[in-house]
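What follows is a set of notes on a single structure, which appears directly below.
Keep in mind that the numbers below use all heavy atoms, side chains included, and drop hydrogens, waters and symmetry copies. Below, chains carry the letters A, B, ... as their sequence lines are ordered, and counting in each starts from 1.
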2 protein chains.
Amino acid sequence: MTTYQAIELDPWVALGDRTRRQIFGLLARRPRSVGELADELPVSRPAVSQHLKVLKGAALVQVRPEGTRRIYAVDADGLAAIRSELETFWSAALTNFKELVEADEPSGTTKEKR
Amino acid sequence: MTTYQAIELDPWVALGDRTRRQIFGLLARRPRSVGELADELPVSRPAVSQHLKVLKGAALVQVRPEGTRRIYAVDADGLAAIRSELETFWSAALTNFKELVEADEPSGTTKEKR
DNA sequence: ACGAACGGTAAGTTACGACTTACCAAGATG
DNA sequence: CATCTTGGTAAGTCGTAACTTACCGTTCGT
């Protein structure tokens, strides 16, 4: 229990790692086996395995057994989840900007003095 | 030179941290000073300062001096950047899914979700 | 000018994430 | 069955991110 063996359900944390984002990018292109991924990355196969575990814990990828191989693919639902969370930030920020532009706000929600 | 004082330009890494995502979420709602942020978070003010430095390095926030206070706000461009990167994953995955669906129709390979 | 408010930086501690190698389990293949 | 392939897991090392407290520079108020 030294590493990210523990359940990691935060997709942001999962994609926060460069290597995992690379893996995710490769899988977005097309599903691949663990070995295939490792071949295209500068890390060992076990490392890829561990990263996949995190991505899977974050519901960003899915596995499909195929003989002795495990074919990984991106999980559309998980991707949609983090996407919508980003949209939340986005719309909140946009709303905020609009209020700033309008500059004079009757409602007391915007003004804050301290 | 102990911490994230170094330039951090990766927005994914920046948002990978829970506290920073909280800060970012607060700023998305409305701009705030460092002290205001620290008041709403379970960490010290210097910690907030350090997180803001990372977010700024990732071009996710902007600063505006106002007296002795520094008003931080989300940077629309930075947010747009990470947003479009996510869209890249999204469209790639969608294309991939379509290919998969179109690919195996004849054989006994049926629908499989999750 | 003095002190308080505000915030950035330094320095140091601590926890944990990202690797590695070694080993083990399970399915294909002869 | 023996063995090769494929991958997940264990154990351990190492670097660094996320905190803390202490300190310092600025700007405002009196």
Side-chain angles (χ1 to χ4, degrees), chain A residues 1-27 31-58 60-73 112-114, chain B residues 1-24 26-27 31-58 60-73:
Chain A
M1 214 185 297
T2 340
T3 305
Y4 21 75
Q5 320 287 8
I7 27 167
E8 177 59 76
L9 30 67
D10 191 338
W12 289 101
V13 174
L15 290 183
D17 182 73
R18 279 203 151 278
T19 304
R20 275 198 295 268
R21 220 157 52 244
Q22 286 179 27
I23 292 177
F24 192 70
L26 288 171
L27 293 181
R32 297 162 203 258
S33 69
V34 179
E36 280 177 301
L37 289 171
D39 287 343
E40 310 200 40
L41 294 170
V43 297
S44 68
R45 192 193 46 68
V48 172
S49 244
Q50 291 159 358
H51 282 309
L52 286 170
K53 187 170 191 172
V54 176
L55 289 171
K56 189 157 183 295
L60 287 170
V61 301
Q62 294 175 333
V63 216
R64 171 194 9 134
E66 191 170 282
T68 68
R69 323 204 323 169
R70 307 279 187 137
I71 308 300
Y72 281 84
E112 170 104 15
K113 264 303 172 55
R114 227 258 260 199
Chain B
M1 198 171 32
T2 339
T3 306
Y4 23 72
Q5 320 288 11
I7 28 166
E8 177 59 76
L9 30 66
D10 191 339
W12 289 101
V13 173
L15 291 182
D17 181 74
R18 278 201 151 282
T19 304
R20 273 195 299 263
R21 220 158 50 247
Q22 287 179 28
I23 292 176
F24 192 71
L26 288 172
L27 294 181
R32 297 163 202 259
S33 69
V34 179
E36 280 177 302
L37 289 170
D39 286 344
E40 309 201 42
L41 294 171
V43 297
S44 67
R45 193 194 45 69
V48 173
S49 244
Q50 290 158 359
H51 282 309
L52 286 170
K53 186 171 191 172
V54 175
L55 289 171
K56 189 155 183 295
L60 287 171
V61 300
Q62 295 175 334
V63 216
R64 171 191 15 130
E66 191 170 284
T68 69
R69 324 199 338 175
R70 307 281 185 137
I71 308 299
Y72 280 84

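For D/dT9, one of the phosphate oxygens OP1 or OP2 lies less than 4.0 angstrom from a side-chain nitrogen or oxygen of A/Lys53. B/His51 has a side-chain polar atom (N or O) that falls below the 4.0 Å cut-off from OP1 or OP2 of D/dC19. Dashed line: the shortest gap from a side-chain N or O of A/Thr68 to OP1 or OP2 of D/dT5 is not under 4.0 Å. Applying the 4.0 Å criterion to OP1 and OP2 of C/dA18, one finds that A/Thr19 has every side-chain N and O outside that range. The phosphate of D/dG7 has OP1 or OP2 within less than 4.0 Å of a side-chain N or O from A/Ser33. Phosphate proximity of D/dA18 to B/Arg20: present, with a side-chain N or O under 4.0 Å from OP1 or OP2. A close approach under 4.0 Å does occur between a side-chain nitrogen or oxygen of A/Tyr72 and OP1 or OP2 of D/dG8. Listed pair B/Ser44 / D/dT20 meets the phosphate criterion, a side-chain N or O lying under 4.0 Å from OP1 or OP2.
A straight line from CG of B/Asp17 to P of D/dT16 spans 17 Å, rounded to a whole angstrom. Across the protein-nucleic acid pair, A/Glu66 atom CD and D/dT5 atom P stand 18 Å apart, rounded to whole Å. Protein atom CH2 of A/Trp12 is 20 Å distant from nucleotide atom C1' of C/dG17, rounded to whole Å. D/dT5 atom C1' lies 13 Å from atom CG of A/Asp39, rounded to whole Å. Rounded to whole Å, atom P of C/dC23 lies 17 Å from atom CD of A/Gln50. Atom CZ in B/Arg18 sits roughly 13 Å away from atom P in C/dG17 (whole-Å rounding). Residue A/Leu15 contributes atom CG, which lies 12 Å from atom P of C/dA18 at whole-angstrom precision. In this structure, the NZ atom of A/Lys56 is 10 Å from the P atom of D/dT9, given to the nearest Å.
Residue order along DNA chain C, read from the 5' end via each residue's closest nucleotide, puts A/Val43 first among A/Val43 and A/Gly67.
Atom CZ of B/Phe24 is separated from atom CG of B/Leu15 by 6.0 Å, given to the nearest 0.5 angstrom. Taking CZ of B/Arg45 as the reference point, atom CG of B/Asp39 lies at 10.5 Å (rounded to 0.5 Å).
With hydrogens and angles disregarded, a donor-acceptor distance shorter than 3.5 Å links the side chain of B/Arg20 to the backbone of B/Ala14. Remark: side-chain polar atoms of A/Arg32 are paired, donor with acceptor, to backbone N or O of A/Leu26 under 3.5 angstrom.
Between the side chain of A/Arg45 and the base of D/dG8 there is at least one donor-acceptor pair of N/O atoms closer than 3.5 Å.
B/Pro46 comes within contact range of at least one nucleobase, with a heavy-atom separation under 4.0 Å.
The only option from A/Val48, A/Leu55, A/Val61, A/Ile23 that meets the side chain to side chain contact (heavy atoms under 4.5 Å, CB included) definition with A/Tyr72 turns out to be A/Val61.
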